[in-house]
Visitor: 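Can you keep this structure in mind? I'll have questions shortly.
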Amino acid sequence: MLEPEHGPIMQVEHTHTRCWVCVLSCLLLACQYVGSLYVWRSSLPRDHPRMIKRRCASVLLVSALSPAVVKAWMHWADVRVDASVWELMGLRLDGLVPAAILPLLLTMVFYLGPLVHSAIDNPEGFNEELQSALDVQSWRLCLGDAVWLRNQVVAPVTEELVFRGAMLPMLVSCTGPTAAIFMAPLFFGVAHFHHIAEQRRLHKDSMSVILLVSVIQFLYTTVFGAFTAFIFMRTGHVVGPILCHSFCNSQGLPDISSALQHPQRSALLFSYLMGVLLFLVLLFPLTDPFLYGSIPICSLAVPAASVC
């Protein structure tokens with residue numbers, strides 16, 4: 001008679017333990033990622049090539065160690081699934097091609113307004129960018145640019161591997177997929193507050209301005225993180241979030257205020273609106289799990305709350 005009574009209690013305690021291990025593991029990863037940026041003590045600005053190379057080396061090392069953290073979490077939390085750590089982190093071949101193309105296409109649809117805006121303001125430059133995308137020499141120049149390499153390659157790859165690939169499997173087993181999509185970006189957003197220390201060191205702005213910019217950055221990085229977490233959960237791949245991240249870094253935030261003052265304001269606002277509407281219409285069809293094969297992370301999910 002005692003076993004049925006204590007069974008649910010033991011199960012609840014085990015769930016609480018798993019959740020605590022999950023949260024602490026996510027905090028450990030976030031602290032390791034941000035902390036690795038500051039192991040190099042230097043007065044050089046963050047965009048100096050030497051500083052970029054040092055920091056890229058640091059975050060690449062943390063990213064390389066992130067599977068070990070997930071593996072350790074699986075051991076401590078007694079998680080047993082028929083999938084490898086790499087598959088849980090979205091590093092797999094099944095469904096790779098659609099996972100690389102469709103989420104990126106969806107993101108480009110959202111940026112329809114900014115893309116039209118750029119084409120209207122600078123048609124020659126817009127055409128040159130399209131041509132350079134197919135030019136081998138242009139890619140060689142980009143790969144030799146430390147800032148481009150950081151923004152378009154290293155940051156998207158390392159941040160998505162750590163803040164999506166490693167954290168989401170741990171969170172999903174504790175909170176379920178839907179809650180994990182909104183929780184993981186909080187670690188991502190908070191991690192960007194480290195820019196406050198750097199701005200204060202350089203004395204570029206007043207503290208109030210720095211805080212305002214940091215809050216705005218926290219908001220959009222959290223929203224963006226929720227989007228890429230959604231992509232990860234729906235596709236089971238990390239390549240989609242990486243490519244979307246890289247594309248968004250290349251575009252920046254949509255400049256709606258400039259569109260409102262533009263001579264062709266009506267056409268631009270229509271393209272901005274159509275981009276958002278098409279994005280919402282295509283969001284679920286282009287991320288339908290059916291397109292991406294069996295999704296390993298879903299094996300960790302609570303079926304009743306699954307978005308897989």
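From a predicted model like this one, the values you see are computed outputs, not experimental measurements.
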Visitor: Disulfide bond (SG atoms under 2.5 Å apart) for C174 and C22? Distances and angles first, verdict last.
Guide: CA-CA 7 Å; C174 175; C22 160; 5.1 Å; no
Visitor: Determine, stepwise, if the pair L61 / S36 fulfils side-chain contact (heavy atoms from CB on, under 4.5 Å).
Guide: CA-CA 9 Å; L61 177 60; S36 71; over 6 Å; no
Visitor: Taking all heavy atoms of L243 and all of A100, pick out the closest pair and write down the distance.
Guide: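 Nearest heavy atoms, L243 then A100: CD1-O, 3.3 Å.
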Visitor: When you group the ILVMFWY residues by side-chain heavy-atom contacts below 4.5 Å and let the links chain together, are I181 and F284 in the same group?
Guide: yes
Visitor: Can you name the closest pair of heavy atoms from S63 and T158 and give their distance?
Guide: OG-CB, 3.0 Å
Visitor: Look up atom CE in M274 and atom OG in S271, then write down how far apart they are to the nearest 0.5 Å.
Guide: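 Those atoms lie 10.0 Å apart.
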Visitor: Answer yes or no: is there a donor N or O on one side and an acceptor on the other, between the side chain of R164 and the main chain of E159, under 3.5 Å?
Guide: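 Checking the backbone N and O of E159 against the side chain of R164, no donor-acceptor pair under 3.5 Å is found.
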Visitor: Checking the side chain of Q152 only, and the main-chain atoms of S246 only, is there a donor and an acceptor separated by less than 3.5 Å?
Guide: yes
Visitor: For a 4.5 angstrom cut-off between non-hydrogen side-chain atoms, does E87 reach I297?
Guide: no
Visitor: Out of curiosity, H117 NE2 to Q264 CD, how far, rounded to the nearest 0.5 Å?
Guide: 9.5 Å
Visitor: To the nearest 0.5 Å, how far apart are SG in C19 and CG in L24?
Guide: 11.0 Å
Visitor: Could you tell me if the side chain of V238 sits less than 4.5 Å from the side chain of M89, heavy atoms only?
Guide: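 No. Closest side-chain heavy atoms not under 4.5 Å.
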Visitor: Do M170 and L29 come within less than 4.5 Å of each other through their side chains, counting heavy atoms only?
Guide: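 Yes - at least one pair of side-chain heavy atoms lies under 4.5 Å apart.
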Visitor: Taking a hydrophobic cluster as the set of Ile, Leu, Val, Met, Phe, Trp and Tyr residues connected by side-chain heavy atoms closer than 4.5 Å, whether directly or through intermediates, do L280 and L106 fall within one such cluster?
Guide: yes
Visitor: Identify the heavy atoms of P114 and P254 that sit nearest to each other, and give their distance.
Guide: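 Scanning both residues, the minimum pair turns out to be CG-CB, 3.8 Å.
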Visitor: Give the intermediate values and the outcome of side chain to side chain donor-acceptor pair (under 3.5 Å) for residues D94 and H237.
Guide: CA-CA 9 Å; D94 186 25; H237 282 273; over 6 Å; no
Visitor: State the CD-CE distance between E160 and M167, to the nearest 0.5 angstrom.
Guide: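 E160 atom CD to M167 atom CE measures 11.5 Å (nearest 0.5 Å).
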Visitor: Measure the CG-CG distance between D288 and L282 for me, rounded to the nearest 0.5 Å.
Guide: 12.5 Å
Visitor: L300 versus V79: any side-chain heavy-atom pair under 4.5 Å?
Guide: yes
Visitor: Please check if V281 and L105 belong to a single hydrophobic cluster, counting links between Ile, Leu, Val, Met, Phe, Trp and Tyr side chain heavy atoms closer than 4.5 Å.
Guide: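 Different clusters: V281 never reaches L105 through Ile, Leu, Val, Met, Phe, Trp or Tyr contacts under 4.5 Å.
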Visitor: For atom CZ of F182, decide whether the heavy atoms of other residues, nucleotides or ligands shown that lie under 6.0 angstrom number more than 12.
Guide: no
Visitor: Quick one: are the ring centres of Y33 and F187 less than 6.0 Å apart?
Guide: no
Visitor: How about W148: does its CH2 atom have over 12 heavy atoms from other parts shown lying under 6.0 Å from it?
Guide: yes
Visitor: Counting N and O atoms only, with roles assigned by atom type, does the side chain of T228 sit under 3.5 Å from a partner on the main chain of P241, one being a donor and the other an acceptor?
Guide: no
Visitor: Check for me, please, whether I295 and L291 land in the same ILVMFWY cluster - side-chain distances under 4.5 Å, paths through other members count.
Guide: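 Yes.
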Visitor: Looking only at heavy atoms, which two atoms of L168 and A184 are closest? And how far apart?
Guide: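 Scanning both residues completely, I find the closest heavy atoms to be CD2-CB, 3.9 Å.
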Visitor: Taking the side chain as everything from C-beta on, heavy atoms only, tell me whether D47 gets closer than 4.5 Å to R150.
Guide: yes
Visitor: Report whether L112 and Y272 are members of the same hydrophobic cluster (ILVMFWY, side-chain heavy atoms less than 4.5 Å apart, transitive linking).
Guide: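 No: no chain of side-chain contacts under 4.5 Å links L112 to Y272.
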Visitor: With no hydrogens and no angle check, is any side-chain donor or acceptor of T175 less than 3.5 Å from a backbone partner on V172?
Guide: no
Visitor: Evaluate the side-chain contact (heavy atoms from CB on, under 4.5 Å) criterion for residues Q251 and L115: first the C-alpha distance (whole Å), next the side-chain angles of each, then the deciding distance (0.1 Å), finally the verdict.
Guide: CA-CA 9 Å; Q251 298 298 312; L115 291 173; 3.8 Å; yes
Visitor: If you take the centroid of each ring, where Trp contributes its six-membered ring, are F227 and F110 closer together than 6.0 Å?
Guide: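 When the ring centroids of F110 and F227 are compared, they turn out to be at least 6.0 Å apart.
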Visitor: For the pair T222 (side chain) and F218 (backbone), establish whether a donor and an acceptor sit closer than 3.5 Å, ignoring hydrogens and angles.
Guide: yes
Visitor: Looking only at non-hydrogen atoms, find the nearest pair between S66 and L161 and report the distance.
Guide: OG-O, 4.5 Å
Visitor: Just wondering, do D145 and L149 contact through their side chains at under 4.5 Å, heavy atoms?
Guide: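 SC-SC contact between L149 and D145 ruled out.
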Visitor: As an exercise, state the distance from SG of C26 to CE of M183, rounded to the nearest 0.5 Å.
Guide: 7.5 Å
Visitor: Could you tell me whether the side chain of N249 reaches within less than 4.5 Å of the side chain of P156, counting heavy atoms only?
Guide: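 A side-chain contact under 4.5 Å exists here.
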Visitor: For Y292, does the six-membered ring have the charged nitrogen or CZ of R92 within the cation-pi criterion, i.e. under 6.0 angstrom from the centroid and within 45° of the normal?
Guide: no
Visitor: Any donor-acceptor pair under 3.5 Å linking the side chain of S258 with the backbone of D255?
Guide: no
Visitor: How close do Y111 and C248 get, heavy atom to heavy atom, and via which atoms?
Guide: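 That closest heavy-atom pairing would be CE1-SG, 3.8 Å.
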Visitor: Report the C-alpha separation of L88 and M74 in whole Å, then their side-chain angles, then the decisive distance to 0.1 Å, and conclude whether the side-chain contact (heavy atoms from CB on, under 4.5 Å) test is met.
Guide: CA-CA 11 Å; L88 291 176; M74 293 177 69; 3.9 Å; yes
